[in-house]
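Below: the structure, in structure tokens.
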Amino acid sequence: MQDTQNHLTSLPEKGRSWEEIEAELHGFKEMDLDEEVHLRLLTGIHKGDDRVHEVCRKAYMMYFHTNAMLADYHPGQRRIQSEVLGMAVRLLGGGDEARANITTGGTESIFCAMHAAREWARATRPDIPEPYQIVMPQTAHATINKAAHYLDMELVRVPVGPDLRADVDALEAALTPSTLVLVGSAPCWGFGLLDPIPEIAALAEQHGLWMHTDCCVGGYLLPFMERLGIELEPYDFRVPGVTSISADLHKHGYAAKPCSTVLYRNEELQNFHWTGVAISDWQSGMYRTHGVVGSRPMAAVAAAWAVMNFLGEDGYVDLTRRALQVKDRMIAGIEAIEDFRCLPNESLLIPFRSETLDMLKVMGGLVENGYFPWGTFDPIYVHPSAEPVDDVVVETFLSDLGHIGKGVRDGNLTAEALAKYI
Ligand SMILES: Cc1ncc(COP(=O)(O)O)c(C=O)c1O
């Protein structure tokens, strides 16, 4: 059955040919924003380059239908998974005692870390009264709100300093007897800035709290920036008070979605990750999953393993160098237009704003020109994210932004198109 706009409203009575279906899918794709040029820098596609993408795709297809829920029962899959986790642990400063789990994304990694913290407190910290609090800088990712909601924890967002990084004194002032977790981002989404993780972790240690570094964006990027000689404050298990880390392979690890990792400083802490997930009181025997989800694609894990092996440390360093070059060209090009200025940061994000143009109209102009208006509202920025893309992607963006800047200055553009997205 179809409605007046020819949308399907129930299962078709009879099947259709692949040719017909393929044509219709192409039609749907054409209705969407263009991923190859307009979205490459504006929605976190994270393809790496064409060679990486091809390896990722081929490995994904080899395990297309395989359910990683059962990976532990297959020696091959178990090995792929444990090698990915081993590589993750070493990259993020973990020693032999550190442990990790695969998840389907930053949201699940963060949920699992907050869940482990809660179970750890219930088992070992009768002195902390529930509901437990998660105290974090205002800039920490929205998905932590979801974890707090599902886990019946309270979320306390604390204003950041004038440099938009966590204000550690303000975090300390926000602590209460119920505070259980402190969070810092490396880097935060939106501004691409590293919070002072060593100071947040020291505060956590001083108060006996769980400290989580949200490295979803930085986990597979910052280590390679450091290998390029860029000096960064440490953000991972090299910092003694860091208890857990979330790091997304499907972002700058250039793996296929959905794939992320959650890391624990040691096995004792990881044990709380497993609390409640081994179920035996039903008719089908023991049910034990790696995280929140049950069935999950082995294809994404195999693709991550393949990309990590294909690139190796050298390949990641090279992709990072090329992405940083794109970032530099974008910054130079953006700052050459009107009076746009970029916010310096330690990531591939390129937040830019104008002091004189109405940024809502700039965002509206981006929407009208086929872009997704990725940005922040307080303070207001638009933030592409650099990738090792072809010149045409950078040139198209800069040329379109030039026209948009002029259009706003001349009074020809409004913010109306933005309503589609906010
Ligand atoms: C810093 C940070 N944490 C967590 C997340 C959530 O990740 P996901 O979308 O993979 O669930 C994101 C997503 O962009 C992020 O930037």
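Counting from 1, the numbers follow the sequence of the chain as shown. Everything numeric in this text was worked out from a predicted model, so none of it was measured. Just follow the structure's listing: the first ligand is 1, and inside any ligand the first atom is 1.
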What protein heavy atom sits nearest [atom], and how far off is it?
| atom | answer |
| --- | --- |
| atom 16 (O) of ligand 1 | Val217 CG2, 3.2 Å |
| atom 15 (C) of ligand 1 | His141 CD2, 3.1 Å |
| atom 3 (N) of ligand 1 | Asp214 OD2, 2.7 Å |

- Can a cation-pi geometry be assigned to Arg353 and Tyr381, taking NZ or CZ under 6.0 Å from the six-membered ring centre and within 45° of the ring axis? yes

Is there at least one pair of N or O atoms, one from [X] and one from ligand 1, spaced under 3.5 Å apart?
| X | result |
| --- | --- |
| Lys251 | yes |
| Gly106 | yes |
| Thr107 | yes |

Which of the numbered atoms in ligand 1 are under 4.0 angstrom from any heavy atom belonging to [X]?
| X | result |
| --- | --- |
| Trp189 | 16 (O) |
| Asp248 | 7 (O), 10 (O) |
| His250 | 10 (O) |
| Gly105 | 10 (O) |

- Query: Where does the angle between the aromatic ring planes of Tyr316 and Phe224 fall among parallel (under 30°), tilted (30 to 60°) and perpendicular (over 60°)?
  - Reply: parallel

- Item | Partner set under side chain to side chain donor-acceptor pair (under 3.5 Å) for Asp314, not counting sequence neighbours | none

- Query: Residues two or more places apart in sequence or in another chain: which of them pass side chain to side chain donor-acceptor pair (under 3.5 Å) with Glu346?
  - Reply: Arg165

- Message: Between Arg238 and Glu226, does any NZ, NE, NH1 or NH2 come within less than 4.0 Å of an OD or OE carboxylate oxygen?
- Response: yes

- Hey, which of Thr103, Asn101, Thr104 is the one that makes side-chain hydrogen bond (donor to acceptor under 3.5 Å, both in side chains) with Ser109? Thr103

- Contact with ligand 1 for Thr104, non-hydrogen, under 4.0 angstrom: no

- Message: Quick one about Thr179 and Gln133 (side-chain donor to acceptor, distance below 3.5 Å, no hydrogens or angles considered), yes or no?
- Response: yes

- Item | Option nearest atom 4 (C) of ligand 1 (shortest heavy-atom distance, choices Gly190, Cys215, Cys216) | Cys216

- Message: I'd like to know if the side chain of Glu233 and the backbone of Ile197 have a donor-acceptor N/O pair within less than 3.5 Å.
- Response: no

